[in-house]
Structures are given as C-alpha cells and as structure tokens.
2 protein chains.
Amino acid sequence: MPLPQTEMPGRLQAHFAERGIRITQQRRAILQVMETASKHLDASQLLRKAKKIDASVDRSTVYRTLRLLKRQGLIDELDLMHLNGEKHYYERKLNRDHIHMACLRCGKIMEFVSDVFETLKGEVEKDCRFHIVVSRLEIGGYCASCSK
Amino acid sequence: MPLPQTEMPGRLQAHFAERGIRITQQRRAILQVMETASKHLDASQLLRKAKKIDASVDRSTVYRTLRLLKRQGLIDELDLMHLNGEKHYYERKLNRDHIHMACLRCGKIMEFVSDVFETLKGEVEKDCRFHIVVSRLEIGGYCASCSK
DNA sequence: GCTATTGTCGCAACTGGTCGCAACTGCAAT
DNA sequence: ATTGCAGTTGCGACCAGTTGCGACAATAGC
C-alpha cells in the first residue's frame with residue numbers, strides 16, 4: 001500500500017521531472033527543505049535552511065520557486081491572519097484542504113477539516129459555474145483557552 | 001424603513017465617535033473616501049483619494065487607519081489571491097460575510113453569499129470551541145467564460 | 001563529450017507595508 | 001480662551017516580496 005502521492009519523499013522533485021521543469025542545484029535545495037520541513041515555514045526561514053544546503057541560493061530564487069510550486073498546486077500559501085506582520089507561510093498541499101484558525105490572543109494556529117467545506121466548494125462550482133483551482137479559508141478569533 | 005446600519009452615510013465617523021476614538025482631519029478624509037468608494041480599494045488608491053481631501057495625509061496614517069478599521073470590524077481585508085502582486089484590498093463590512101472568487105485568467109472578482117458558509121462557521125465555533133472574530137474565504141480558479 | 005539553446009540565477013532597484021520617534025493636535029477640564 | 005496631555009501624525013529607516021537584466025548552467029542534439 002503506497003503512501004498518498006503527495007506524502008512521498010522526493011515527490012516535489014519527481015513532479016518537476018515529470019513535467020519537464022528544470023531541476024537546478026538551488027531548486028533541489030529549496031525543495032528538499034520544503035519536503036522535510038514541518039509546517040508553516042515562512043520565506044526567510046526557508047531561505048536560511050536552503051542556504052545551509054547550497055549557500056548560493058538567493059532570496060529571489062526562493063520567491064520564484066515558491067510561485068512555481070503554487071502554480072503547480074504543490075504548496076499552499078497562508079497569511080495566518082497577518083498575526084506576525086505581512087509575511088506569508090507555506091505548507092505542502094496534502095490531499096484534503098483544511099481551514100486555518102489563528103488565535104488573535106495567543107497566536108496559536110489550528111487546523112480543521114470539514115465536509116461542510118467541501119460542500120461549500122461544490123456549491124460555488126455549481127451555482128457560479130466557477131472552476132476552483134485553489135481555495136483558502138482563514139479564520140481569526142479566540143481559541144478555547146483564550147476566550148474564557 | 002432605514003437602511004442597514006453599515007450602509008448609512010457617515011457611519012464610520014459615527015462609530016468612531018461612539019467608541020470615543022479620536023477623529024482627526026486625516027482620519028476624516030480617509031473615512032470619507034472609504035464611505036463613498038466603490039468596493040475593493042487598495043491602499044495606494046485610498047491614499048491618493050484621501051490626499052485630494054487633505055493633502056497632509058501620509059502613507060503610514062492610511063495603513064494605521066486601515067488597521068484600526070479592521071480591529072473595529074468595520075472593514076474586511078482581501079488579497080484577491082494576489083492576482084496583482086502583493087497588495088491588499090479593502091471593503092466596508094456589510095451585514096453578511098461573502099466569499100470572493102478571483103478568476104486566474106481574466107482577473108474578474110465575483111462575490112457569493114451562502115448559508116453553507118454560515119453553517120461551516122457554526123461548525124468551527126462548536127467543534128473547536130473557537131470564537132470567530134473575522135473570517136476570509138478566497139477562491140482562485142476559472143470563471144464560466146474563461147473555463148471553456 | 002561538446003556546443004547551442006533556453007531557462008534560471010544573482011543582483012540591484014523597486015513597490016507594498018510596518019515601526020520608532022519627536023513634534024503636534026483633538027479634546028476635556030478649567 | 002487657555003492649558004495639559006494622551007493619542008496621533010509625518011518622517012525616515014526598515015522588512016517582505018517582485019522585477020528587469022546580463023551572466024550563467026541544465027538539458028537536447030549532435
């Protein structure tokens with residue numbers, strides 16, 4: 001029983017190869033970080049980690065590679081309600097879309113998977129005749145322990 | 001039959017007064033623009049329009065006032081899926097949350113109101129014991145005429 | 001293996017948004 | 001009308017992200 005495709009190690013590199021996207025030293029370093037990282041990396045963390053593998057990696061290459069990954073549907077970009085300024089966070093796209101909830105007081109990030117979300121997307125596709133490629137639902141508020 | 005509160009002219013100023021938030025020349029100019037503007041203004045458009053009313057308005061005052069309005073729950077901030085770079089768009093909050101759909105090909109922005117969305121938020125509040133303050137659902141994809 | 005092609009890279013300059021600070025202003029109390 | 005002062009402002013410096021361009025490197029064809 002194989003793992004779901006998006007969970008396989010080296011999957012991002014493989015995806016590039018399959019689609020004839022050039023694999024460079026710098027991209028290899030960046031993909032490697034994305035693949036082994038825990039969730040919610042921001043661009044500067046990603047740059048720092050990638051530089052440890054290949055010191056020549058530049059800021060703009062990180063951003064260009066992130067854009068590429070977004071367009072290929074391999075990662076999701078999150079704001080996390082701008083809790084920490086304007087920066088963005090990235091995570092590998094898994095099989096199931098999930099909602100991100102950010103606590104405005106303690107900063108905790110929670111995730112939630114819901115069938116109702118899938119229903120909602122279905123409704124949009126049908127009622128608006130709109131073909132969904134990416135979707136992002138972010139909620140800001142107070143978590144159970146902060147809302148007392 | 002009065003209009004819904006959030007539609008009333010001068011409503012933003014009135015809200016400030018009610019909550020004892022200081023009304024300055026610069027804020028008056030910015031609120032006036034927000035109140036009379038059509039939807040989806042970005043910060044630089046807002047700055048340009050506000051400067052026509054009060055030339056002393058500075059970039060950072062615009063951003064600070066937007067942050068204030070966000071925190072007061074009077075406006076919503078949108079990315080519109082970063083179709084035009086990184087900038088954000090702002091609109092006055094109406095009574096009903098709505099979803100924004102951005103066509104990745106023609107750039108058209110559509111809005112959609114759904115009971116399912118309300119259900120979903122209810123589910124999050126209940127299942128996660130999370131008190132929602134703001135929510136943002138943005139969808140990128142292809143509109144009816146572009147997906148042919 | 002060598003070369004031509006074409007895509008990618010690093011760099012520097014730019015836009016969008018934030019922050020610290022000294023100067024200023026709205027407003028309430030006199 | 002004057003004063004006092006917390007809250008607000010403009011400014012300059014900064015951080016996050018993008019872009020144009022000449023140099024360079026990954027691949028395809030030989």
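Given the structure is predicted, the values throughout are model-derived calculations rather than measurements. The sequence lines fix the lettering, A, B, ..., with proteins before strands; numbering per chain opens at 1.
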For nucleotides 26-30 of chain D, give me every protein contact, N/O to N/O, under 3.5 Å, one pair per line with atom names.
none

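- When the P atom of dT18(D) is taken as reference, atom NZ of Lys87(B) falls 13 Å away, rounded to whole Å.
- Residue His88(A) places at least one side-chain N or O under 4.0 Å from the OP1 or OP2 atom of dG17(D).
- Grouping Ile, Leu, Val, Met, Phe, Trp and Tyr residues whose side-chain heavy atoms lie under 4.5 Å apart, directly or via other members, leaves Val113(A) alone, with no other cluster members.
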Could you give me the CA-CA distance, side-chain angles and deciding distance for Asp76(A) and Arg92(A), then say whether salt bridge (Lys or Arg N to Asp or Glu O under 4.0 Å) is met? CA-CA 6 Å; Asp76(A) 278 324; Arg92(A) 290 188 63 191; over 6 Å; no
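- Atom P of nucleotide dG17(D) and atom CG of Asp42(B) are separated by 18 Å, given to the nearest angstrom.
- Following rounding to the nearest Å, Glu86(B) (CD) and dG17(D) (P) show an atom-to-atom distance of 7 Å.
- Counting only N and O atoms by type, the side chains of Arg19(B) and Gln72(B) include a donor and acceptor under 3.5 Å apart.
- One interatomic measurement links the two molecules: NE2 of His82(B) to P of dT18(D), which rounds to 8 Å at whole-angstrom precision.
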Take Arg96(A) and Asp115(A) through the salt bridge (Lys or Arg N to Asp or Glu O under 4.0 Å) test and state the conclusion after the steps. CA-CA 10 Å; Arg96(A) 201 73 192 285; Asp115(A) 286 330; 2.8 Å; yes
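- Atom pair Leu78(A):CG and dG17(D):P shows a separation of 12 Å (rounding to whole Å applied).
- Whole-Å rounding puts the Gln13(B) CD to dG26(C) P distance at 14 Å.
- With rounding to whole Å, Leu80(A) atom CG is found 15 Å from dA16(D) atom P.
- Between His88(B) and His40(B), the ring centre distance reaches or exceeds 6.0 Å.
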For a salt bridge (Lys or Arg N to Asp or Glu O under 4.0 Å) check, start with the C-alpha distance between Lys126(A) and Glu123(A), then their side-chain angles and the critical distance, and finish with the verdict. CA-CA 5 Å; Lys126(A) 186 169 145 287; Glu123(A) 191 188 41; over 6 Å; no
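- Residues from residues 53-66 of chain B with heavy atoms under 4.0 angstrom of DNA chain C, sorted by number: Arg59(B), Ser60(B), Tyr63(B), Arg64(B).
- What separates CZ of Arg71(B) from P of dG7(D) is a distance of 13 Å, to the nearest Å.
- With DNA chain C read from its 5' end, the first of the two nearest nucleotides for Arg67(B) and Leu68(A) is the one closest to Leu68(A).
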